[in-house]
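What you see is a predicted model, and the numbers here were worked out from it, not measured in a lab.
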Amino acid sequence: MTAIAQTRIALLPPDVIHAERLFALIDESRGTLRAWLPWVDATRSVEDSRQFLAGAADGARNGGACASWLIERDGELAGCIDIHGISRLHRSGFLGYWLADRFVGGGVMGEAVAQALDIGFGKLALNRIAIVAGVANARSRALAECLGFVREGAQREGLHLHGRYHDACQYSMLAGEWRARR
């Protein structure tokens, strides 16, 4: 009988000790990430990644409107995920995520999103988490649909990337829907 190796996915809190690894990860997948993430062009050095991580860590300590994590697969940094635009009043937020090219397609993001949703609907006590994905961003849309997010509609020219507008799909998941799936 052949043993099947289990992949371990962990969400790590943001910490500047990961700045070099994070920058290297962004840099190796810059072309792919740039298509849908407007911050990629502004991330030009390890110092840029250090500043991002320091800000995310400060926000986490101070109860900011964003909860961010680094995604690790079997001890190797693979990407980032966050719940941003958190409204405590409305108990809602938006999910954002990315993986380096070499980690795409192996189920890493599905597990990372599940862990982030457990935190968002648990510890953060949110009732609604939305995903906004470019209409042409097939992978991001497929992930939302696979996880059971409900497509609410399209935002005409809802994204502005690299001097062009793009239509976007908005999806959402409610806390009760997530609990029913778990």
Side-chain angles (χ1 to χ4, degrees), residues 7 9-12 14 22 25-43 52 56 65-73 76-87 90-122 124 126-182:
T7 300
I9 307 302
L11 300 186
L12 307 177
L22 181 61
L25 203 63
I26 293 165
D27 210 36
E28 78 182 50
S29 297
R30 187 172 295 280
T32 306
L33 296 175
R34 182 182 188 277
W36 297 109
L37 301 171
W39 51 262
V40 172
D41 287 348
T43 305
F52 162 75
C66 185
S68 300
W69 304 274
L70 300 173
I71 301 168
E72 189 178 72
R73 185 193 77 179
E76 189 175 5
L77 198 61
C80 287
I81 190 166
D82 70 17
I83 302 174
H84 58 275
I86 295 173
S87 168
H90 298 293
R91 295 179 51 209
S92 64
F94 292 87
L95 188 67
Y97 43 78
W98 64 267
L99 284 177
D101 294 344
R102 62 190 156 106
F103 296 99
V104 171
V108 173
M109 190 54 79
E111 176 57 30
V113 168
Q115 289 182 36
L117 292 175
D118 284 342
I119 295 167
F121 292 131
L124 298 178
L126 300 179
N127 182 61
R128 181 179 190 280
I129 297 175
I131 294 173
V132 176
V135 168
N137 188 344
R139 283 193 180 274
S140 190
R141 292 183 51 223
L143 178 66
E145 292 166 8
C146 179
L147 289 169
F149 277 74
V150 174
R151 182 177 170 170
E152 295 178 326
Q155 298 175 354
R156 296 178 314 135
E157 297 186 356
L159 299 174
H160 187 256
L161 302 165
H162 316 296
R164 292 186 50 228
Y165 289 100
H166 301 267
D167 291 348
C169 293
Q170 181 159 310
Y171 297 86
S172 70
M173 172 78 67
L174 303 178
E177 295 167 341
W178 181 244
R179 284 188 207 88
R181 293 182 68 84
R182 298 302 271 172

Is there a side-chain contact between [X] and [Y] in this structure, where contact means two heavy atoms from C-beta onward sitting under 4.5 Å apart?
{"X": "Phe149", "Y": "Leu117", "result": "yes"}
{"X": "Leu22", "Y": "Cys80", "result": "yes"}
{"X": "Arg30", "Y": "Val40", "result": "yes"}

Kindly write out the residues that satisfy side chain to side chain contact (heavy atoms under 4.5 Å, CB included) with [X], not counting sequence neighbours, or none if the list is empty.
{"X": "Cys66", "answer": "Ser68, Asp82, His84"}
{"X": "Arg182", "answer": "Ala114, Asp118, Trp178"}
{"X": "Thr43", "answer": "Phe23, Ile26, Trp39, Asp48, Ser49"}
{"X": "Val135", "answer": "Arg141, Asp167, Cys169"}

Quick check: closest heavy atoms across [X] and [Y], and the distance to 0.1 Å?
{"X": "Ala130", "Y": "Gln170", "result": "CB-NE2, 4.3 Å"}
{"X": "Arg181", "Y": "Cys146", "result": "NH2-O, 3.5 Å"}
{"X": "Val132", "Y": "Ala168", "result": "CG1-CB, 3.7 Å"}
{"X": "Glu152", "Y": "Ser172", "result": "OE2-OG, 2.7 Å"}
{"X": "Gly134", "Y": "Trp36", "result": "CA-CZ3, 3.8 Å"}
{"X": "Leu11", "Y": "Ile81", "result": "CD2-CG2, 3.9 Å"}

Query raised in the report: Does Trp69 have any ring pair (Phe, Tyr, Trp, His ring centres under 6.0 Å) partners at least two apart in sequence or in another chain, and if so, which?
Result: none
Report task. Could you tell me which residues satisfy ring pair (Phe, Tyr, Trp, His ring centres under 6.0 Å) with His90, sequence neighbours excluded, listed by chain and number? Result -> none
Nearest 0.5 Å, please: how far is [atom2] in [Y] from [atom1] in [X]?
{"X": "Arg179", "Y": "Leu174", "atom1": "CZ", "atom2": "CG", "answer": "10.0 Å"}
{"X": "Tyr97", "Y": "Ile71", "atom1": "OH", "atom2": "CD1", "answer": "10.5 Å"}
{"X": "Leu25", "Y": "Leu77", "atom1": "CG", "atom2": "CG", "answer": "5.0 Å"}
{"X": "Trp98", "Y": "Arg139", "atom1": "CH2", "atom2": "CZ", "answer": "15.5 Å"}
{"X": "Ile119", "Y": "Leu126", "atom1": "CD1", "atom2": "CG", "answer": "11.0 Å"}
{"X": "Leu161", "Y": "His166", "atom1": "CG", "atom2": "NE2", "answer": "4.5 Å"}

Query raised in the report: Would you say Arg34's side chain and His162's backbone share a donor-acceptor pair under 3.5 angstrom?
Result: no
Query raised in the report: Has the side chain of Ser87 got a donor or acceptor atom that lies under 3.5 Å from a matching backbone atom of Ser92?
Result: no
